[in-house]
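Each chain gets a letter, A, B and so on, in the order the sequences are listed, and its residues count up from 1. Hydrogens, waters and symmetry mates are skipped; everything else that's a heavy atom, side chains included, is used. This structure is a prediction, so every number in the text was calculated from the model and none was measured.
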Number of protein chains: 2
Amino acid sequence: MDTQNTVKAGAGPIRRETLHHAAVAELRAMILAGALRPGSRVPEVKLCDQLGISRTPLREALRVLAADGLVELRPHRGAVVTPIDPQEIADVFEVLEALEMLAGRLACQRGTAEEFADLDRLHAQLVAQFAAGDRPGYFTTNRRIHARIVAMARNPSLEATQSGFASKILRARSLANDDAERWRSSLAEHEGFMAALRRRDAEAAGNLLGAHSRLTANAVLLALNGGA
Amino acid sequence: MDTQNTVKAGAGPIRRETLHHAAVAELRAMILAGALRPGSRVPEVKLCDQLGISRTPLREALRVLAADGLVELRPHRGAVVTPIDPQEIADVFEVLEALEMLAGRLACQRGTAEEFADLDRLHAQLVAQFAAGDRPGYFTTNRRIHARIVAMARNPSLEATQSGFASKILRARSLANDDAERWRSSLAEHEGFMAALRRRDAEAAGNLLGAHSRLTANAVLLALNGGA
DNA sequence: AATCGTCATTTTGTATACAATCTGGCACAT
DNA sequence: ATGTGCCAGATTGTATACAAAATGACGATT
């Protein structure tokens, strides 16, 4: 489930990327952005000249995405973008809740002062975006905050897993937008776990992050089931 | 991180397996069994005629395993079986602890009576194997018990994630054998969470399973660092 | 009229051929 | 003697060609 493809720029950014690697990134972005809609077929040749590559690297990319669960491969019947199954989203949220709890606890114990300061800066930005009614900005910052907290846990396995799950959920959220009430609650929850993080209260931070995840799940699933 | 490749036999076992699919299973088994040792290179052509397939399906299989983290692909430099990094194992255990806690809680809430009975049967087998001093049998049954508990949680995402993590740990355990003392403790911990499971005590079962995971981690990491 | 069987088309699965890159050793200069 | 530059061999990355399977339509049969 390795999702992190960015290498820490040591000295020279030699840009040694293979085609299938780039294809994975491209296709993942297309799927997450909704350019390839859930349930839609993924014809190989069409995508090949669209991406300007041959079938071999594209197919290798599809296998990787299939391992990630973003596409499904039916033998001899082609690949389809994995449909969004509300039950699966619920399952993912259930696991994510546990992961966020863990991340919150560990972040308190292992985060550096600079990271906490950075987090505060991001949170301030989040508050500003809420005040400005900037929904897309809010969501982006929101994602970055959670990613940052997970990074502070100093656990690459946790980070990779959380990232993969967040991706799956992102697809669902793109079609199920929260209402204003949920938005307000979300910000309040952020205020809550930020307070716990600031005082390095590992237990509280973990619990609040878990609760935030669960409440988000409720809202998303409600929109998903209600909207359909 | 989909690890489950077995389809529930509906009516006809049509055995529609593609080569790369079979190659993934084969290679994964070889890696977990230690036939391909950690850190060793994975020459494509050699494995090709060893498995009797061409390079294309083998390469596709390697990408999938790379996504799972079992092999690492260096561009133009070939693939290597991911070396066992004690820090990574520690990280994986850290996440696994949270997953096992979740699984234990959910299993209590969602497992059927037959499943609990089955679990009891497996546990009895485990006790017998301990008494008989059958280490390999004990480990196999141990794995099956944990897999069964996770299955009882009725959460495919959790199941797949736990399975992937368990695989990584399995590789480490194959070279770091527990001592007799740890073996005894392990059985005692099993008795503990089994008791909690029998009375459907979700909180206790989760906590005990988590603790079991943490104690196992300590032992494995000790053997890993001490043995090296 | 409806259903089943058959076939052409299309798409996928696999194999092989070609191009690009890396590895290791050797000659040469310092 | 040591380090540098270059070259041959080997290995991987990509593209294309061929084989196998599924889809959909058409016609035959009941």
Quiz: residues 212-223 of chain B side-chain donor-acceptor pairs under 3.5 angstrom, not counting sequence neighbours:
| unit_1 | atom_1 | unit_2 | atom_2 | d |
| --- | --- | --- | --- | --- |
| B/His212 | ND1 | B/Glu189 | OE1 | 2.5 |
| B/His212 | NE2 | B/His146 | NE2 | 3.4 |
| B/His212 | NE2 | B/His190 | NE2 | 3.4 |
| B/Arg214 | NH1 | B/Glu97 | OE2 | 2.3 |
| B/Thr216 | OG1 | B/Arg182 | NH2 | 3.0 |
| B/Thr216 | OG1 | B/His212 | O | 2.8 |

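Using a 4.0 Å cut-off between charged nitrogen and carboxylate oxygen, B/Arg154 and B/Glu159 do not count as a salt-bridge pair. Contact check on A/Asp68 versus A/Arg28 returns a salt bridge, with a Lys/Arg side-chain nitrogen under 4.0 Å from an Asp/Glu carboxylate oxygen.
What you find for A/Arg41 and A/Arg77 is that their closest heavy atoms are NH2-O, 3.8 Å.
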### Task
Any chance you could list the contact pattern along nucleotides 11-17 of chain D? Use B for base contacts, S for sugar-phosphate-only contacts and - for none, protein heavy atoms under 4.0 Å, 5' to 3'.
SBBBBBB
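For B/Thr141, the side chain to side chain contact (heavy atoms under 4.5 Å, CB included) criterion is met by B/Leu122, B/Gln125, B/Leu126, B/Gln129, B/Ile145, not counting sequence neighbours.
In this structure, the CG atom of A/Leu58 is 11 Å from the P atom of C/dG13, given to the nearest Å.
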